[in-house]
Amino acid sequence: MRFAFISDIHANLEALEAVLEDIGSRNIDEIICLGDIVGYGANPNECCELVKTKCPVTLLGNHDAAAVDQLSTQHFNIHAKIAIEWTSQNLKHESESFLETLPFKATKPSLTLVHATPYEPNMWYYITSLEEAAFNYQFFDTQLCLVGHTHIPIIIVLDKEKELYVHQDSVIHLDDVKDARLLINVGSVGQPRDRNPKSCYGIFDSDAGEFSYHRVEYNIEKTQAKMKKIKMPEFLISRLADGR
Ligand code: ZN
């Protein structure tokens, strides 16, 4: 099976369309969405519709939960709050009912899937250090765990000697890290924050035992113009071009 993983789309339709087109050319059996379909961008309904059609497994993200009143925005920064307010007011009924049905977690053979962390995925914790990653390995039992949430692509390896390290390449072959377990952040489609403005997504080929990142260019100016029109905070608009 060849899986594609998309996450943190954040209502950026141009990015989502570009990524889906790229995925379409890569012989993928199933697309899985790890959440945060809405929040920040100008096309939440279009993104919900596309994800609903394309991704048989889709998880709930914290921005999705906030947009349908399942999560308070008290811990969101001011920009995210403004974006969620606009999103809630502009979500169609179909989008709301779609987001309301999404689960926190899913599993596939050898894969655990969550938006935030395997430890209590409904608490929206972040994995931003090796210590936090090490802690989280206790809370999944599959070989791979795929997450989103930080918008930073990273592959963290726990090898058979129980050594924990960051894999420094955009491709990893399971044969090369025998008996290791991997915690992989698939990066963000709609708001990358690793100083590379191109959309990021991942592919896992379970037969070849290979995970790889893919970066896709999209029309950032068009996305920014739409955000300007709906008066999103300038910071949210400019960060897209910087990938931060
Ligand atoms: Zn996000």
Side-chain angles (χ1 to χ4, degrees), residues 5-16 19 31-48 50-51 55 57-88 91 95 98-99 102-106 113-118 120-128 132 136 145-154 183-202 213 215-216 218 220 223 227 232-233 235-240 242-244:
F5 300 95
I6 60 174
S7 190
D8 297 275
I9 296 153
H10 287 292
N12 183 338
L13 181 62
E14 289 69 34
L16 178 60
V19 163
I31 310 174
I32 291 172
C33 175
L34 299 181
D36 273 4
I37 302 155
V38 305
Y40 298 139
N43 293 104
N45 295 302
E46 294 81 355
C47 290
C48 282
L50 258 181
V51 167
C55 308
V57 174
T58 298
L59 303 180
L60 184 75
N62 52 322
H63 289 254
D64 304 323
V68 294
D69 266 344
Q70 290 182 3
L71 175 68
S72 151
T73 56
Q74 60 171 331
H75 298 298
F76 281 44
N77 66 45
I78 183 68
H79 309 295
K81 257 182 210 166
I82 293 168
I84 287 298
E85 210 158 286
W86 181 88
T87 304
S88 308
L91 269 188
S95 308
F98 170 59
L99 296 176
L102 301 178
F104 292 108
K105 184 182 168 178
L113 312 163
V114 288
H115 178 70
T117 53
E120 300 194 0
N122 58 321
M123 295 302 290
W124 315 111
Y125 297 123
Y126 290 87
I127 298 172
T128 54
E132 284 158 348
N136 271 280
C145 176
L146 294 118
V147 304
H149 201 37
T150 63
H151 301 206
I152 310 272
I154 188 168
L183 183 58
I184 299 176
N185 190 306
V186 304
S188 168
V189 168
Q191 196 198 75
R193 294 179 190 164
D194 60 336
R195 299 274 163 186
N196 177 351
K198 291 181 185 173
S199 290
C200 184
Y201 76 95
Y213 286 112
R215 304 302 293 240
V216 182
Y218 71 96
I220 294 178
T223 303
M227 290 170 77
M232 276 295 154
F235 168 70
L236 295 178
I237 298 173
S238 63
R239 73 185 304 176
L240 292 179
D242 306 329
R244 67 183 167 100

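Start at 1 and go down the list; that is how both ligands and their atoms are numbered.
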Q. Which atom, among the N/O/S set of His151, is closest to the Zn ion (ligand 1)?
A. NE2
**Q.** N/O/S atom name from His10 that is nearest to the position of the Zn ion (ligand 1)
**A.** NE2
Q: Output the atom name for the N/O/S atom of Asp8 with the smallest distance to the Zn ion (ligand 1).
A: OD1
(Q) Can you classify the ring geometry of His115 versus Trp124 as parallel (below 30°), tilted (30 to 60°) or perpendicular (above 60°)? (A) perpendicular
Q. Between Leu60 and Gln70, is any pair of side-chain heavy atoms under 4.5 Å apart?
A. yes
Q: Report yes if some heavy atom in the side chain of Phe235 is under 4.5 Å from a heavy atom in the side chain of Ile78; otherwise report no.
A: no
Q.
Can you classify the ring geometry of His10 versus His151 as parallel (below 30°), tilted (30 to 60°) or perpendicular (above 60°)?
A. tilted
Q.
I'd like the atom name of the N/O/S atom in Asp36 lying closest to the Zn ion (ligand 1).
A. OD2
